[in-house]
*Asks:* 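Here it is, the structure in full.
Keep in mind it's a predicted model, so treat the numbers as computed, not measured.
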Amino acid sequence: MKNLQTQQVRALKEGLQGPVILPDDYAYEAARKVWNAMIDKHPAAIVCCTTTADVVHAVNFARDQGLPLAVRGGGHNIAGSALCNDGIVIDLSEMRAAQVDADARRITIEGGATLADFDAATQVHGLATPLGINSTTGVAGLTLGGGFGWLSRKYGMTIDNLESAEVVTAAGEVLHASAAEHPDLFWALRGGSGNFGVVTRFEFRLHPVGPDLLAGLIVFPIAEAKRVLQQYREFMDKAPDELSVWVVLRKAPPLPFLPESVHGKEVVVLALLYAGDPVQGKALVEPLYRFGTPAGSHVDVMPYAAWQKAFDPLLTPGARNYWKSHNFSELKDGLFDAVIDYIASLPSSQCEIFFGAIGGATTEPAPDATAYAHRDARFVMNVHGRWDDSADDARGMGWARDFFKASAPYASGGVYVNFLTDDESDRVKAAYGQNYERLAQIKRQYDPANLFSTNQNIRPA
């Protein structure tokens with residue numbers, strides 16, 4: 001592990017309002033931990049930024065000293081891009097302020113904010129924008145990779161609702177990127193991940209949502225999975241954009257509405273949210289119960305912000321996580337057979353395979369409208385390997401990789417960049433498709449030396 005020299009530490013600290021955490025500091029071990037416990041990196045310094053000026057200073061320092069640079073928003077990225085070895089980490093976790101203009105339906109929020117911070121600021125006004133499904137996820141990383149969640153079928157990807165961004169470039173410049181200012185940079189930020197700078201502030205468009213919506217879970221035994229999945233496919237072909245239904249296959253956690261005899265058994269779960277009048281939603285979701293014989297269900301009107309936290313207990317930090325992912329334009333019977341087969345051999349009770357339903361508004365923009373290219377994707381699959389003991393790494397990773405291969409013949413060829421692990425750099429071009437070359441050109445303009453490289457990297461043209 002590299003330690004900075006005394007004069008380097010002095011130069012770094014002198015230009016900052018926030019603190020610097022060094023390897024010998026008491027807080028270092030906690031500060032270098034991220035959501036995925038498989039990530040074990042040792043930066044030379046963690047810069048806890050409190051202002052945009054702090055970010056500028058840290059970027060300039062890392063560049064001028066020739067040090068690796070990583071940027072931490074929520075620290076939730078599966079690949080561990082929030083950290084680097086022997087370099088500088090710009091930690092934005094103290095920069096979480098949000099300002100909402102309810103009349104204009106706009107929010108400005110800082111780069112260290114989480115989804116919970118966002119929802120807390122907007123839901124008091126009955127407003128929201130499409131975000132992810134785990135409230136501890138960082139707004140910045142989610143957005144820069146594209147972003148999707150329960151509201152995406154109605155209101156699009158997260159990036160489709162981004163109005164502008166304040167960006168610190170590799171040159172240490174602070175730019176305001178929007179459709180009118182630096183439009184090439186704005187295009188690249190909308191899906192290009194962390195390749196183009198440090199986004200210290202986002203401005204989003206908001207929509208009337210909640211605060212109370214119909215949401216919940218319907219759980220079926222795995223023996224009925226094939227029939228449930230086939231009916232789900234037909235149902236989603238006709239479902240209105242306001243209704244989002246995802247499929248999760250896993251061992252049943254001890255949920256209070258499930259009988260104890262189901263706990264720990266393989267199940268197929270329909271997770272749903274209706275972004276409209278709950279009374280209308282109840283009528284629309286009624287057919288879902290007839291897909292089989294439910295082992296249990298809990299679908300009711302609840303606060304949207306509470307539903308956004310519903311999966312948090314299954315996604316707590318500190319476990320070892322390994323993912324594999326595909327996009328799908330359609331779900332075929334062969335895919336259903338494969339997923340049922342692999343759910344029978346889960347390497348741990350925490351592993352799952354889910355299909356996130358997007359489509360609707362996410363398919364409306366042209367593939368080259370933003371850096372995120374996969375507008376044909378109607379479902380995003382995540383093979384979520386998760387366990388606690390490092391001794392289980394080989395078995396868990398092998399299971400995820402094997403199912404990834406088994407499901408590949410049914411995939412559309414694209415992949416969601418936020419679901420790529422650190423050993424999948426060969427899939428970066430697949431993540432950007434036809435947009436990769438334009439991204440490489442913009443990378444050359446704004447980061448010609450590839451300072452921002454601890455990510456799913458787009459190399460400068």
Side-chain angles (χ1 to χ4, degrees), residues 18 21 30-39 41 43 46-50 52 54-55 58 69-84 89-98 107-122 128-150 157-159 161-162 165-168 189 191-195 197-202 204 305 308-321 323 382 384 386 416-422 452 454-456:
I21 300 174
R32 74 178 188 88
K33 284 184 168 59
V34 289
W35 175 79
N36 184 5
M38 291 187 80
I39 307 303
K41 296 180 182 178
I46 300 169
V47 181
C48 303
C49 297
T50 59
T52 298
D54 280 357
V55 175
L69 178 65
V71 184
R72 175 175 181 151
H76 213 280
N77 183 267
I78 183 66
S81 58
L83 297 177
C84 60
V89 170
I90 291 177
D91 190 328
L92 302 177
S93 57
E94 294 302 312
M95 297 177 63
R96 301 166 73 162
I107 182 176
T108 301
I109 193 163
E110 290 184 314
T114 65
L115 273 55
D117 297 325
F118 190 107
D119 290 335
T122 58
T129 213
L131 295 170
I133 66 164
N134 180 202
S135 75
T136 62
T137 303
V139 170
L142 176 98
T143 301
L144 294 174
F148 67 90
W150 301 112
M157 305 289 288
T158 307
I159 51 169
N161 296 275
L162 183 65
E166 179 185 83
V167 189
V168 179
L189 291 173
S193 194
N195 277 282
V198 185
V199 180
T200 49
R201 191 168 286 107
F202 297 83
F204 292 98
Q308 283 284 85
K309 297 179 180 180
F311 291 89
D312 288 5
L314 301 178
L315 296 166
T316 54
R320 303 177 73 80
N321 295 267
W323 297 354
N382 192 21
H384 186 176
R386 181 177 167 95
Y416 179 49
V417 71
N418 282 347
F419 286 172
L420 291 179
T421 52
D422 62 352
F452 299 108
T454 58
N455 44 41
Q456 300 298 347

*Asks:* How many angstroms lie between atom CG of Leu131 and atom CD1 of Ile133, to the nearest 0.5 angstrom?
*Replies:* 12.0 Å
*Asks:* To the nearest 0.5 Å, tell me how far Phe118 CZ sits from Thr137 OG1.
*Replies:* 13.5 Å
*Asks:* Within the supplied structure, the quantity of interest is the number of heavy atoms (other residues, nucleotides, ligands) at a distance under 6.0 Å from Lys309 NZ; does it exceed 12?
*Replies:* no
*Asks:* Could you pull out the closest heavy-atom pair between Met95 and Thr52, with the gap in Å?
*Replies:* CE-N, 3.9 Å
*Asks:* Which atom names give the shortest non-hydrogen contact between Ala121 and Ala98, and what distance separates them?
*Replies:* CB-CB, 3.8 Å
*Asks:* Which of these, Val139, Thr108, Thr122, sits in a side chain to side chain contact (heavy atoms under 4.5 Å, CB included) with Phe204?
*Replies:* Val139
*Asks:* At what distance, to the nearest 0.5 angstrom, does CG of Leu315 lie from OG1 of Thr136?
*Replies:* 7.0 Å
*Asks:* Mind checking side-chain contact (heavy atoms from CB on, under 4.5 Å) for Ala310 and listing every partner two or more places apart, or none if nothing turns up?
*Replies:* Trp307
*Asks:* After noting the C-alpha distance and the side-chain angles of Ser193 and Asn195, does the key distance pass the side-chain hydrogen bond (donor to acceptor under 3.5 Å, both in side chains) rule?
*Replies:* CA-CA 6 Å; Ser193 194; Asn195 277 282; 4.8 Å; no
*Asks:* Do the side chain of Asn36 and the main chain of Ile78 share a donor and acceptor less than 3.5 angstrom apart?
*Replies:* yes
*Asks:* To the nearest 0.5 Å, how far apart are CG in Leu92 and OG1 in Thr200?
*Replies:* 8.0 Å
*Asks:* Can any side-chain N or O of Asp119 pair as donor or acceptor with the backbone N or O of Ala116 at less than 3.5 Å?
*Replies:* no
*Asks:* Please check if any side-chain donor atom of Glu94 sits under 3.5 Å from a side-chain acceptor atom of Thr50, or the reverse.
*Replies:* no
*Asks:* Run the side-chain hydrogen bond (donor to acceptor under 3.5 Å, both in side chains) check on Ser135 and Gln308 step by step: do they pass?
*Replies:* CA-CA 6 Å; Ser135 75; Gln308 283 284 85; over 6 Å; no
*Asks:* In Å, rounded to the nearest 0.5 Å, how long is the span from CZ of Phe202 to OG1 of Thr129?
*Replies:* 12.5 Å
